Asks: 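One structure, as structure tokens, below. Some questions next.
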Amino acid sequence: MPEGHVLHRAARLQGKRFNGKEVSMASPQGRFSEGAAQLDGQTLETIHAKGKHIFYRFDSGDSLHVHLGLFGKYRINKPPFPEPSPNCRVLMWTDECELHLAGPNQCRVLDPDEVVAALDRLGPDPIVNDPGDRDEFIKRIHKRKIPLGRAIMDQSIVAGIGNVYRSELLFQIGVNPFRLAADTDPETLGQLWDHSVVELKAGERVGKIITVDPIDVGAEKRSQLTRGERLYAYKRDGKDCRRCGDFIMSADIDGRNAWWCAGCQPA
DNA sequence: GTGTCATGCGTAT
DNA sequence: TACGCCTGACACG
């Protein structure tokens, strides 16, 4: 169940094993047989992520585009390779390593123009954080008359934030998720971008979403936090805020639950 | 075993 | 706003 950090981490770790290698590809489940046959035997040049999308570019110039959606999952296996699951959409392997993909929302072969078009649909990605991205984010979000809790889930405004980071980032800047983006001052929106950069990059490094400042739970290091101590707001409704002790609230925003602290993030 | 829920998103109404 | 897609983990009986 992936937000942007998962895909960037996948691109980095899978790249170590497959970049520059001639790979075999198959679709045990059968729903990607045509694409797998097309890419089978090609050399994988690079793996690249933007937001929640990942692109595998091959020497023909074509790319495998994957979006995991809510259910997609990767597994990496070493020899002896286990039997692939019946739901395995893509199996890609060399002699040393095998990548197993099940349940992706999107899985297709794109030509270079289609890759550019797919990338263009996405807003700036905090993990990439190119020069100008921060200003571009502020520009895109500040003109929207929609709640911040909806705006930061819009991948054309900022790419990579999902439901966990939504609640955690708005907690960190102390802003209620129902505040309209257009009514939020640019300085605060800039802080929101800065927190996104820090938190998503941390998530990419560690492979887990941990937003809590250890001080708030009496620990010394983030790595010492238990599973239940890692987040401030997400799925903590009814519990006490780790920072101010007030109640954590929840409500549906855009069909997904959002969580916030009644004290730290007043309406 | 069955039912529910989940870190997502596109399309139809 | 509702539904369809896609899988797996967990709670419950």
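As the structure is a computational prediction, the values presented were derived from the model and not from experiment. Any value given below was found using the heavy atoms of this structure, including those in side chains, with hydrogens, waters and symmetry copies removed. Numbers restart at 1 for each chain; the letters A, B, ... are given by sequence-line order, proteins then strands.
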Asks: Round to a whole Å and report the spacing from CG of A:D254 to P of B:dT7.
Replies: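 Roughly 13 Å, once rounded to whole Å.
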Asks: Should A:R75 be listed as having a side-chain N or O under 4.0 Å from OP1 or OP2 of C:dT7?
Replies: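 A:R75 to C:dT7 OP1/OP2: no side-chain N or O under 4.0 Å.
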Asks: Using a 3.5 Å distance criterion without hydrogens, assess whether the side chain of A:R17 forms a donor-acceptor pair with backbone atoms of A:T94.
Replies: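 No; zero donor-acceptor contacts below 3.5 Å.
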Asks: Measuring to OP1 and OP2 of B:dG10, would you say a side-chain N or O of A:N105 lies under 4.0 angstrom away?
Replies: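 Answer no for this pair, as no side-chain N or O of A:N105 is under 4.0 Å from OP1 or OP2.
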Asks: Does A:R236 use its side chain to pair, donor to acceptor, with the backbone of A:D240 at less than 3.5 Å?
Replies: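 Checking the backbone N and O of A:D240 against the side chain of A:R236, a donor-acceptor pair under 3.5 Å is found.
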Asks: Atom CZ in A:F171, atom SG in A:C241: separation rounded to 0.5 Å?
Replies: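 Rounded to the nearest 0.5 Å, the CZ-SG separation comes out at 4.0 Å.
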Asks: What's the CG-P distance between A:L200 and B:dT7, to the nearest Å?
Replies: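 My rounded result for the distance is 16 Å.
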Asks: What distance, rounded to whole Å, do you find between the two P atoms, one in C:dG8 and one in B:dG10?
Replies: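 After rounding to an integer number of Å, I get 23 Å for this pair.
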Asks: Classify A:Y165 by what it touches in the nucleic acid, base, sugar-phosphate, or nothing, heavy-atom distance under 4.0 Å.
Replies: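 No contact at all - A:Y165 keeps every heavy atom at 4.0 Å or more from the nucleic acid.
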Asks: Under 4.0 Å between any heavy atoms, over every strand shown, what does A:Q29 touch: base, sugar-phosphate, or nothing? Just pick one.
Replies: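 Sugar-phosphate: the residue A:Q29, judged by heavy atoms under 4.0 Å, touches backbone atoms but no base.
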Asks: What is the distance from CG of A:L70 to P of C:dG8, rounded to the nearest Å?
Replies: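 Interatomic distance, CG of A:L70 to P of C:dG8: 13 Å.
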Asks: Is the phosphate of B:dC9 approached by A:K52 (side-chain N or O, under 4.0 Å from OP1 or OP2)?
Replies: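 Checking B:dC9 against A:K52, a side-chain N or O does come within under 4.0 Å of OP1 or OP2.
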Asks: Separation of A:L68 atom CG from C:dT7 atom C1', in whole Å?
Replies: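 So the CG-C1' distance, A:L68 to C:dT7, works out to 12 Å.
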Asks: Could you tell me whether A:I209 contacts a base, only the sugar-phosphate backbone, or nothing, with contacts defined as non-hydrogen atoms closer than 4.0 Å?
Replies: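 Counting heavy atoms under 4.0 Å across all strands, the contact made by A:I209 includes a base.
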Asks: Rounded to the nearest angstrom, tell me the gap between atom CZ in A:R108 and atom C1' in C:dC5.
Replies: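 Those two atoms, CZ and C1', are 14 Å apart.
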Asks: Give one of base, sugar-phosphate or nothing for A:K208, where a contact means two heavy atoms less than 4.0 Å apart.
Replies: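 A:K208: no heavy atom of the nucleic acid under 4.0 Å.
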Asks: Starting at CZ of A:F71 and ending at C1' of B:dT7, how long is that distance when rounded to a whole Å?
Replies: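 To the nearest whole Å, that distance equals 12 Å.
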Asks: Without decimals, in angstroms, what is the distance between A:Y74 OH and C:dG8 P?
Replies: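 Atom-to-atom, A:Y74 to C:dG8, this comes out as 15 Å.
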Asks: With a 4.0 Å cut-off on heavy atoms, is A:R89 in touch with a base, just the backbone sugar-phosphate, or nothing at all?
Replies: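 Result for A:R89 = sugar-phosphate.
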Asks: Side-chain N or O of A:H5 versus OP1/OP2 of B:dT7: is the shortest distance under 4.0 Å?
Replies: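 A:H5 to B:dT7 OP1/OP2: no side-chain N or O under 4.0 Å.
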Asks: Could you tell me how far apart A:H100 (NE2) and C:dG8 (C1') are, to the nearest whole angstrom?
Replies: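 Atom NE2 in A:H100 sits about 13 Å away from atom C1' in C:dG8.
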Asks: For A:Q155, which contact category applies under a 4.0 Å heavy-atom criterion: base, sugar-phosphate, or nothing?
Replies: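 If one applies the 4.0 Å heavy-atom cut-off, A:Q155 turns out to touch the sugar-phosphate alone, with no base involved.
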Asks: Determine the interatomic distance between P on C:dC3 and the same-named atom on B:dT4; round to the nearest Å.
Replies: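 Each nucleotide's P atom is 15 Å from the other's.
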Asks: Choose from C:dC5, B:dT7, C:dG8 the nucleotide whose nearest atom is closest to any side-chain atom of A:A102.
Replies: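 Selected nucleotide (nearest to the side chain): C:dG8.
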Asks: Mark yes when over 12 heavy atoms from residues, nucleotides or ligands other than A:F247 sit less than 6.0 Å from its CZ; otherwise mark no.
Replies: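 Atom CZ in A:F247 is not crowded, with 12 or fewer foreign heavy atoms closer than 6.0 Å.
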Asks: Evaluate salt bridge (Lys or Arg N to Asp or Glu O under 4.0 Å) for A:R12 paired with A:E204, printing each intermediate quantity in order.
Replies: CA-CA 9 Å; A:R12 178 165 62 81; A:E204 193 276 340; 2.6 Å; yes
